[in-house]
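Below: one structure, written as structure tokens.
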Amino acid sequence: MIKSKLYLYFHFTVKRSEVECLIRLFYSVVGKTDGKSGNTGLDHNKFRGILHNIFGMTDDTLMDRVFSAFDKDNDNSINVKEWVKGLSVFLRGTFEEKLKFCFEVYYLNGDGYISREEIFNMLKNSLYQQSSEEENYEGVKELVEIALKKMDYDNDGKVSFADFEKAVREDRLLLEVFGPCLPTAQVYYKCQKLNLMRELFLCMCVYKISGDQTQGSYILGKH
Amino acid sequence: MGVALTRSAQWTAAGYGTGTLEITPLNEEILKEIIVFVEHFIYKYPQEAKFVFVEPLEWNTDLKPSAFQSGYFFSETTVESQEVDKNGQPLLFLSVPKIKVRSFGQLACLLSIAKDTKLKEAQACIEGNRDPVVKILGSEFGEMKEDSIALNILNKIKADDDHENEIKMKIAILLKELDLHLLNHTLKYISLQISLNPVTVKKDIELLQSFSGKGEKTVLESIEYTSDYEFSNGCRAPPWRQIHGEMCYVLVKPHDVEVLCITCSTEGVFLNGGKTDDEGDIDYERKSEVYKDLVTLLKEKSAIFSENMSKQEFTFNEEQKNPIEEKQIKEKEAVSGKVITSSDRPKKNEISFVKTHMAKRLEPSLNWRTKVDFKIHKSSAKDSQEEKHGRLEKTRPSLSHGKTVDKTEETISESSSESEEDEGQPDHRQEANADLPSEYWQIQKLVKYLKGGNQTATVIALCSMKDFNLAQETCQLAIRDVGGLEVLINLLDTDEVKCKIGSLKILKEISHNPQIRRNIVDLGGLPIMVSILDSSYKSLKCLAAETIANVAKFKRARRAVRQHGGINKLVALLDCAQNSTEPAQSSLYETRDVEVARCGALALWSCSKSHSNKEAIRKAGGIPLLAQLLKTSHENMLIPVVGTLQECASEENYRAAIKAEKIIENLVKNLNSENEQLQEHCAMAIYQCAEDEETRDLVRLHGGLKPLANLLNNTKNKELLAAVTGAIWKCSISKENVIKFREYKAIETLVGLLTDQPEEVLVNVVGALGECCQEHENRVIVRRCGGIQPLVNLLVGINHALLVNVTKAVGACAVEPESMAIIDRLDGVRLLWSLLKNPHPDVKASAAWALCPCIENAKDAGEMVRSFVGGLELVVNLLKSDNKEVLASVCAAITNIAKDQENLAVITDHGVVPLLSKLANTNNDKLRRHLAEAVSRCCMWGRNRVAFGEHRAVAPLVRYLKSNDTNVHRATAQALYQLSEDADNCITMHENGAVKLLLDMVGSPDQELQEAAAGCISNIRRLALATEKARYS
């Protein structure tokens, strides 16, 4: 019943069978605790594990943000609806959907803008080889200015969704401008080519069974 | 003298004990200097020359007592000089083999006596007297410390103020000077001997590279390494050769000699055996003497190199010599100071000399570079302008070769189109302290983020960099100068797709700059980009292909693409466009397949400018794919595709394939396009392919002639016009096409294009008219439109391709007597005649052909020909040419000239008969035919018949009858008929079996041939009858 209701939400390119598969995946990861659906959900850590091992993300802050972006109802766990909706954007999303998703990941305080401070936070670990703390700080600050100069079209010192959209439309490379929050190109490519769901399922099973953090991504990579 | 001698003695292997000087060039130098010193001593210091040594210099000499003459008392085994000292002792005493000398004067005399063995004597003298200073001046001078010499001398002077001591002191000082001189001299010598190292060699080669390329100003055509791989020690030779001290091998193509394969080793540079085969193996064997550096070797081998080099060097020397000399002087001073003050530490000094000289040796070339850069800096504006016109220039050579051009010439013109971009374009780096634009600093900051940032920072920096005006040279060079190129290329080697995309987007833009292109190749960017062509992301493939398209604008880059398998991969990209129904992808990593194919075609277009790449494209199966792509209707796809085809159509293989793949149809279709560039390339491709008759017919059948004729009206775009007229020229070789062109009124338009057009257009227009005028109606049209006047005017040009075509056109017009009258009035015949002096054989031949109808159709032709002073002699002398086409044409001209009896008499006087006879032994049917005609004409005068026989022209002529060409048969039979009037010739003919051959000819359907053959036989027969009659009566 849930299934039939669920797949109406999602993007039309996601086939019904794929939705079913995603749901099955969800339960296999969460572990079917009881018949009551809706209450069960992925917690922070499990979700992070998946992001890390299967989608190749590494940045902790960003993974947290992705979690929040998935977690629409802010209950600190991702239920099956959020899971399917999120993943369908992740894997089959159109450009516009991804654009929106990324923007959601990047703005935190909910005012609809990405502020200078937020950018700084996201970029603060983006430089290496800086000799001193001081230098690093200055470097990042300058980088933030460069990014703002590039994206802040209305010169209000923050990036609105309109700014963001305009910049990204001009140069697609800017979609994940403040850090990777979508599956990496490699994963994405595999998903285009292969039977995505089967792959994912396999990976998750391995991930779950072995508990080995690296195994999942390894298998996906191998295909 | 002392110090220098001890120094030189120390270098010899023998050492002190045995006391022999090794025969090394260095020692020789020293000895020579000493000899010069002694020889001049007597003139410079006559007083001091008389000074008697404290002890005699003693050694064993090879001189015979008999060698001594006046001024000496000599017996069989002894010689004494008449000059004696205060005590009556002779200053020179020889008692074979020992000799004792006690003054510089006698030493000088001795050396002059020794003549050729001077060097040997000097050597023996030095060997025999390890410390000559002591012997000459006494031990107090030799033993004392250098720094105390002045003091000592001073004391001496104080002590006894006599004359002798004064002289002694002077000699001491002179010897000191000699010593210093010797030291400096050896120093100079040593500095020359310093062995080469990889850095110097690399510098030299880079320098020469920057001065190589096409054109007269450059020193070389090209210079390149045989191997791209450089070992960490800077050598490029394989390790097993490095053991022998070899560092690298270079292929040098000077302007005037063949490619030289040169080995650079630590001992010097020399020619090796060259490349043995295509595998790139080198015959390491030394094939020449060893030169001290590349420049010296090349100066020796190539005259043009040394000439151009001296021009370059002049400016360089002007500036460089002075500081160096100054420095040397300074150093000398320093050296002399050290020697005087510390003679006990000479060894250490020596080492430091060598070092400073090493540094000095390197310096000049470095400075030269900056100097040159500066020079080029000024002309960079000109350079970029040239680059702009590069396209026009490029088309010129391929357009200009005429119909008669053979394969070899084609390859020449091809290779010239290859190097359309000068490899040797020099770098111009930003001067460190010049006013740097603000972009420079901003870009430097961004590059810093590229270097030190993670993926996110890198992407931001890349996107931000793209916001600069990358088409602007300042930005392009700024990226390079702050080290951005290396980083960008390194990014291509990572796994980060986004970084790769960003980096390629920038590289694609900045690689429009020729300098950047070279830098990219130097940094090894091409192999990486070629490997990206395999990537699974289409947008990456696209960007890589587009960048390659920009970079592969010069030869070395194109070769690199091929060598790394790029051609196959690029051809594979073309394959993508088959299923054009796929949806447009919105992802970052995907793009449309058509786009991929377009980029692939773009890169192939760039690559297709070199011969081997054309071949590689064909082998990779590129032609069917290109043919497939040609069916699309996207202009931006068609241009690179047609461009590639047009480049490749210079190859025979391609022309066949183009015909087979039905490409002509699509080329014709695209002539109707709106895009002028596309039209131009299509016309060019047709021009290239229309050498083939079937292709010409195809063009007509697909209706290509009408659009071509229409395009003639677009006279603004000269490149298009050149291509279109070229296509018309080649198409008009077929008669049916000419008829069509007449229908389309193209001939009138062509006549209109005879004035005020660039040469490349004119060549084609005139070529087309030349073909059209083969027909009567068209000749009339040309005359009516007033085309003859401009044609005759063009006869004074200098472009040889144009002249070949103009002469042909004028010749074609001259067939019409009315036109001929006009040509005659315009003095066209004289102009044609003077073209016989043109250095180019094609022009000569074409002019001679054109003269034939002129002489034939002119009124009073004989008078006209005679009016050209020296003209007949000129024609006869052309028979000495070694070009078959020239010979055939001149024979034809002579045939026409000889129709006039008076002229025939004149050319006979100029010796036409022996010259024609000499040509008789040829296998070329064209020459045979015209030669036989000329012979038969020339027989009409005086005893020329007999003369031909005497010059043994008859027997070879008989053999012509065995040829397969009826034209040859006819002409030969006529010649033989004329010759057979002479009895001796008949005998020769009979001996050579002419009768049987002629009998066959009598059966020929050709009436003239029949008649001539029969006439000849009857002459032979009559002679036979007459002899028989004579015998029996």
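Please read all numbers here as calculations on a predicted model, not as lab measurements. Each chain gets a letter, A, B and so on, in the order its sequence line appears, and its residues count up from 1.
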Which portion of B:L446 sits near chain A, non-hydrogen atoms under 4.5 angstrom: side chain
side-chain hydrogen bond (donor to acceptor under 3.5 Å, both in side chains) between B:Q472 and B:T474, worked out: CA-CA 6 Å; B:Q472 198 186 329; B:T474 10; 2.7 Å; yes
Toward chain B, the part of A:L123 with a non-hydrogen atom under 4.5 Å: side chain
Engaged part of A:E142 at the chain B interface, taking heavy atoms whose separation is under 4.5 Å: both
Geometric class of the A:F70/A:F101 ring pair [parallel <30°, tilted 30-60°, perpendicular >60°]: perpendicular
Pairs meeting criterion ring pair (Phe, Tyr, Trp, His ring centres under 6.0 Å) with involvement of residues 455-488 of chain B, two or more places apart: none
Chain A contacts, top residue of B:T456, B:T458, B:L462, B:V459 (heavy-atom pairs, under 4.5 Å): B:T456
Aromatic A:F95 / basic A:R172 pairing, under 6.0 angstrom, 45° off normal: yes
